[in-house]
Amino acid sequence: MPGPIDLHAHSSVSDGTETPAELIAAADAAGLSAVAITDHDSTAGWDEAITAASGTGLTLVPGMEMSTQLDYASVHVLAYLFDPTNAALMEETARVRKERLTRAESMVRRISADYDLAWDDVLEQARGTTVGRPHIADALVARGIVTDRSAAFATILHWRGGYYRPHYAPTPLTGVRLITEAGGVAVIAHPGAAGAARVLTDDVVSQLVDAGLAGFELHHRDNPPEQRERLQRLADRYGLITTGSSDYHGTGKPNRLGENSTTQEMLERIVDRATGTAPFRSEPRAATE
Ligand code: AMP
Ligand code: FE
Ligand code: FE
Ligand code: ZN
C-alpha cells in the first residue's frame, strides 16, 4: 500500500518553520507517497523541494496557496501544477507579497505603540518571500510577549485585537481565472472555515466553477462536519475534485502531515487536468547491499 497523499504543506518560504528540503524530509519520514509544497503566494520553494525529493520515491506536486479576498473574508485558493513563468499570475502574486510586507509593517507600527516590538524583530523571523502574521507572532514569542503562535493569534494578532490591518488580495474569481489560465488546477483551501464559508454562497461557487474552479479541499481540520456535507453536495452537483490535506506548517501549527489525505484517483484527476507543469515523480534510491 502506498503511503498517504497530502496536498497542502508550507515551508519557510512562507509561514512554515521548515525549509523546503526539511519539509520533504518530514514528508518522507511521515511515510507519505505524495506531497504538495503550497507556500502562500510564492513558488520560491519549488526548486529546493524537487532537489530534496530526488531519490526518496516521493511524488512532489509543485503548488501554491493563493491569497484572495471577498467581502472582507479571506479565501485561500490552492493552485497546483501551473506554469511558474506565467506573467499574469506571477505579477499578481508579486503584488500580493509586496502589499503583505507593507501591511505587516503597518501592523507592527501599531503594536509597537503598546509592546516592545520592532520591525527588525519581524524581519529576523521572516526567512522566505511571503511575510504574514505568523512572522509577527514569532517575533512576539522571541520577545517573550506571548508563548506561541496560537496565543498571538488569539490576542494581539486577532482581527478584532486592535492592531489588525488587511492587505490587498484579488477576488477568488480573479484568482481562479489566473491559476486556470496559467495551466494550473484551482482547489479552494479549507472552504468550510468560518470566513470563507460565509462568502462562498451557492451563487459564488457556481461563478467560480464557470471560471475554472476544479475542486474543494473537503477534508481539512478547519471544515466543520455540516460544511463538509454541503461541500460534498456542491462537488457532486458540479463534478468537482475533492481533496484532503493537513495544511502542515512545521512547528507553527498543530497540523500533522498526513492527518487528512487525498485519494490516488483525485490526484490523477488533478494531474490530468493540469497543463502548466508535471508532477515530479522521484524513483527511490536503489538499496545498497
Ligand atoms: P495572514 O495571511 O498574514 O493574515 O496570516 C494568516 C496565516 O496565519 C494563515 O496562513 C495561517 O496559516 C496562519 N494562522 C492562522 N491562525 C493561526 C494560529 N492560531 N496559529 C498559527 N498560525 C495561524
Ligand atoms: Fe499559513
Ligand atoms: Fe490557508
Ligand atoms: Zn495553508
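Counting convention: from 1, in listed order, for ligands and their atoms alike. Numbering of residues begins at 1 and proceeds along the displayed sequence. Computed from a predicted structure; not experimentally measured.
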*Taking all atoms of both residues into account, what is the closest heavy-atom pair of Pro62 and Thr277, and its distance?*
CG-CG2, 4.5 Å
_First-shell residues of ligand 1 [heavy atom, distance under 4.0 Å]_ = Asp15, His40, Arg100, Arg103, Gly132, Arg133, Pro134, Arg149, Ser150, Phe153, His249, Gly252, Lys253
*asked:* Between Asp202 and Arg230, does any side-chain N to carboxylate O distance fall below 4.0 Å?
replied: yes
*asked:* Looking only at the aromatic ring of each residue, does the gap between the centers of Phe82 and Trp46 stay below 6.0 angstrom?
replied: yes
*Does the salt bridge (charged side-chain N to carboxylate O under 4.0 Å, His left out) test come out yes or no for Asp41 and Arg95, once each step is laid out?*
CA-CA 10 Å; Asp41 309 304; Arg95 178 177 175 194; over 6 Å; no
*What is the name of the N/O/S atom in His76 that sits closest to the Fe ion (ligand 3)?*
ND1
_Cationic N near anionic O, under 4.0 Å, Asp71 to Arg198_ = yes
*Give me the ring orientation class for His249 and His40: parallel if the planes are under 30° apart, tilted from 30 to 60°, perpendicular past 60°.*
tilted
*Can you tell me if an N/O/S atom from His8 lies under 2.8 Å from the Fe ion (ligand 3)?*
no
*Is a salt bridge present between Asp116 and Arg143, judged by a nitrogen-to-oxygen distance below 4.0 Å?*
yes
_Nearest to the Fe ion (ligand 2) - the N/O/S atom of His40, by atom name_ = NE2
*Any idea which N/O/S atom from Glu65 gets closest to the Fe ion (ligand 3)?*
OE2
*Name the orientation class of the two ring planes belonging to Tyr163 and Tyr115 (parallel below 30°, tilted from 30 to 60°, perpendicular beyond 60°).*
perpendicular
*side chain to side chain contact (heavy atoms under 4.5 Å, CB included) assessment of His219 paired with Asn223*: CA-CA 7 Å; His219 301 290; Asn223 293 338; over 6 Å; no
*Answer yes or no for Asp15: is there an N/O/S atom below the 2.8 Å cut-off from the Fe ion (ligand 2)?*
yes
*Assess His249: does it contribute an N, O or S atom lying under 2.8 Å from the Fe ion (ligand 2)?*
yes
